[in-house]
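Position 1 is the first residue of the sequence; numbering continues from there.
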Amino acid sequence: MTDTIRLTVAQAIVRWLLAQHIDIDGTRTRICGGGFGIFGHGNVPCLGEALYPVRDQLPLYRGQNETSMGFAAAGYAKYHLRRRFMFCTASAGPGTANLLTAAALAHANRLPMLMLCGDTFLTRLPDPVLQQLEHFGNPTLGVNDAFKAVTRFWDRITHPAQILQSLPAALATMLDPADCGPAFLGLPQDVQGWAWDYPKAFFDNRTHRIRRQMPDMVEISEAAAILKSAERPVIIAGGGVQYSGAVTELTRFAETHDIPVIETIAGRANLLDDHPLNIGPVGVTGSNSANWTAENADVIFAVGTRLQDFTTGSWTAFARNARLLTLNVGRHDAAKHLATMVVGDAKLGLNAVGDALGNHKTPADWTAKAKAERAKWNDYRAENVTPGNRPNSYAQAIGTINALMAPSDRVVAAAGGLPAEVTANWRSLKAGTVDVEFGFSCMGYEIAGGWGARIAQAEDEPDSDTVVLTGDGSYLMLNSDLYSAVLTEKKLIVLVLDNGGFAVINKLQNNTGQDSFNNLIADTPTATRQVRVDFESHAKAMGAHAETVSNAGELADAFTRAKSSAHTTVIVMQVDPYDGWTSEGHAWWEIGTPEISETRSVTAAHKDVEATRTKRQRKGI
């Protein structure tokens, strides 16, 4: 028949991906930017064969580790504000299992990522096969079923015709503003190669658009009434503001109604650092100014945030009688803690609430007080990042490179102490240029996510830089995509701040009354040969340029050289694990502490935690 084409399942998947486009601000582009792949017996014979002829149209980046491939895909999707994605392909068994952590990161951060993973043979004729897990009472259960917990869409392709439904459903999930997240397709090794007569129309070019949900007008009216009655309102701006493309609308809304704005970790760089209504980052990794404003506000208007515990101080950051108003495209997020909710797109919602407010202005004395608190925080931060004010610190390094960054340069951080230090001390120079991955707080995301972000950045802003901040612990956990960046000529500037182990967890350990144990290398009893890693030599061994600096002045010179270079560069600096922390700006954070202990300091710390909970924590409201 002339209206069909005979293809294998793998060939059909690739051909369909090539035909999917998206309209971004009037420009049509392919929605899938390519893929990250490590081939094995579970995907190379069929999917590899299908990808080879289109390698120029759908570039396949060879990963070094499946987990880091997923992190790179997440970094790519973040840069493109969820409007484009990459696929990841892994072989059956351990290759696919390595993607679990990355899928969880994408799920927690509501990021699109398509996983095309090998699966055991549908016929079961060769069972048991290499790397197959056998469940004696359920032969359908395998490693790939584990992804059901960490994906928004999951399917196992058991017949060639199935992809006619599964591929559009997976894409619809990845493009949905409320349900966005990773999609997983299990591809049995025999089914990948089975051929079928597909309708040619299935492969017609199609242009998609991100749906914008208009909020209900009754909810808009209720929101406007609450804001009009507020004497001390504050806006908490989250990452959803950027995903909606609502930075301009947020700024106009705040300016029109003179409402202070505080930012979440994901919402950093919604407002520029010098905007007069930007009162700073809020929460556990926040600022004194934002936390003072949150604590004294009578209405909390949370826009595009899922209100993670680091934002809410485990629900102690707000007064117990403060009213919570939310604007979120996801009903699940909007309905938290009995909030008065507006379910809808942030851009449309801000405009609609703004229209309903008319010319209403926040009492001037409240906004003036918030601005005064921000001015005090600016003074603290300026001193905090000043070189020489104490031993080498994260803050000094952050201040040094921040001063040398171009506005369009992108900074990436993820786990350990750096997310808090970047969030508190970074001066946002351009909207959407800060990626602090703290939704899943994954050690190892930094370099891999930076590589994915740089691939995306090179498409739109090739003359800008992606700057990665990582600790020695995260570097040791996952560093191989330095080699990927070198191989693909996707330049990174990586700053490795070496504090001799997991220093931030050592700090937490000490703060809960415990002695240092198994976090810093020096305090690890089984580390009987105390040596420091030569990170400079290690980076050079993977083809990167690298140098070690001893202070912030040398760091500035090295960073300037890295900026002018076309090559991936690693800069190493030791920082103090004890005296290097930003000491202000923290909200309370709930952690589990022992109710009883033979150590008095542990018991005392537990009592302090419980006292704060009893006095401050909002319990579900």
Requested in this report: Evaluate the ring planes of Y475 and H538, with Trp represented by its six-membered ring, and classify them as parallel (under 30°), tilted (30 to 60°) or perpendicular (over 60°).
Outcome: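 Geometry flag for H538 against Y475: perpendicular rings.
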
Query raised in the report: Once the angle between the rings of F147 and F184 is folded into 0 to 90°, is it parallel (under 30°), tilted (30 to 60°) or perpendicular (over 60°)?
Result: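 Correct class here is parallel.
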
For a quick test of reading the model, state the closest non-hydrogen atom pair linking [X] to [Y] and the distance between them.
X	Y	answer
N270	Q242	OD1-CG, 3.0 Å
I591	V609	O-CG1, 4.4 Å
A414	C442	CB-O, 3.6 Å
L492	I447	CD1-O, 4.0 Å
M477	M443	SD-CB, 3.4 Å

Requested in this report: Show your reasoning for whether side chain to side chain contact (heavy atoms under 4.5 Å, CB included) applies to K376 and N288.
Outcome: CA-CA 9 Å; K376 289 190 285 187; N288 288 346; over 6 Å; no

Side-chain donor or acceptor of [X] paired with backbone N/O of [Y] under 3.5 Å:
X	Y	value
N392	S550	yes
E421	W581	no
Q617	T614	no
D472	G501	yes
N506	N510	no
T512	L508	yes

Any [X] side-chain heavy atom under 4.5 Å of [Y] side chain:
X	Y	value
N402	L429	yes
T151	M115	yes
T293	W366	yes
N65	L478	yes
I236	F301	no
E66	C88	no
L325	I300	no

Requested in this report: Not counting sequence neighbours, list each pair that qualifies as a ring pair (Phe, Tyr, Trp, His ring centres under 6.0 Å) and has a residue in residues 416-436.
Outcome: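 Residue pairs with at least one partner in residues 416-436: there are none.
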
Taking atom [atom1] of [X] as the centre, report whether more than 12 heavy atoms of other residues, nucleotides or ligands fall under 6.0 Å from it.
X	atom1	answer
Y483	OH	no
E598	CD	no
K369	NZ	no
K619	NZ	yes

Query raised in the report: Quick check, are the ring centers of H107 and F440 under 6.0 angstrom apart?
Result: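 No, they do not, as the ring centres are separated by 6.0 Å or more.
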
Query raised in the report: Taking the six-membered ring for Trp, are the ring centroids of W451 and Y445 within less than 6.0 Å of each other?
Result: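 Ring-ring flag for W451/Y445: false, centres at least 6.0 Å apart.
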
Query raised in the report: Taking NZ, NE, NH1 and NH2 as the nitrogens, is one of them in K148 or D145 under 4.0 Å from a carboxylate oxygen of the other?
Result: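 Salt bridge: yes.
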
**Report entry** Short N-O contact, R613 and E610, less than 4.0 angstrom
**Finding:**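 Yes, this pair counts.
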
Query raised in the report: Among all residues two or more places apart in sequence or in another chain, which pass the side chain to side chain donor-acceptor pair (under 3.5 Å) test with E536?
Result: K540, T548

Report task. Using side chain to side chain donor-acceptor pair (under 3.5 Å) as the criterion, list what pairs up with W588, not counting sequence neighbours. Result -> none

Query raised in the report: Can you list every pair that meets side-chain hydrogen bond (donor to acceptor under 3.5 Å, both in side chains) and has a residue in residues 330-339, with sequence neighbours left out?
Result: R110-D333, W315-H337, D333-K336

Requested in this report: Go through the steps to decide whether N389 and Q396 satisfy the test side-chain hydrogen bond (donor to acceptor under 3.5 Å, both in side chains), and finish with yes or no.
Outcome: CA-CA 9 Å; N389 59 3; Q396 292 169 8; 2.7 Å; yes

Query raised in the report: Which residue pairs satisfy the salt bridge (charged side-chain N to carboxylate O under 4.0 Å, His left out) criterion with at least one member in residues 380-400, sequence neighbours excluded?
Result: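 Qualifying pairs: D273-R381.
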
Query raised in the report: salt bridge (charged side-chain N to carboxylate O under 4.0 Å, His left out): which pairs involve residues 497-510, sequence neighbours left out?
Result: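 The answer is D498-R532.
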
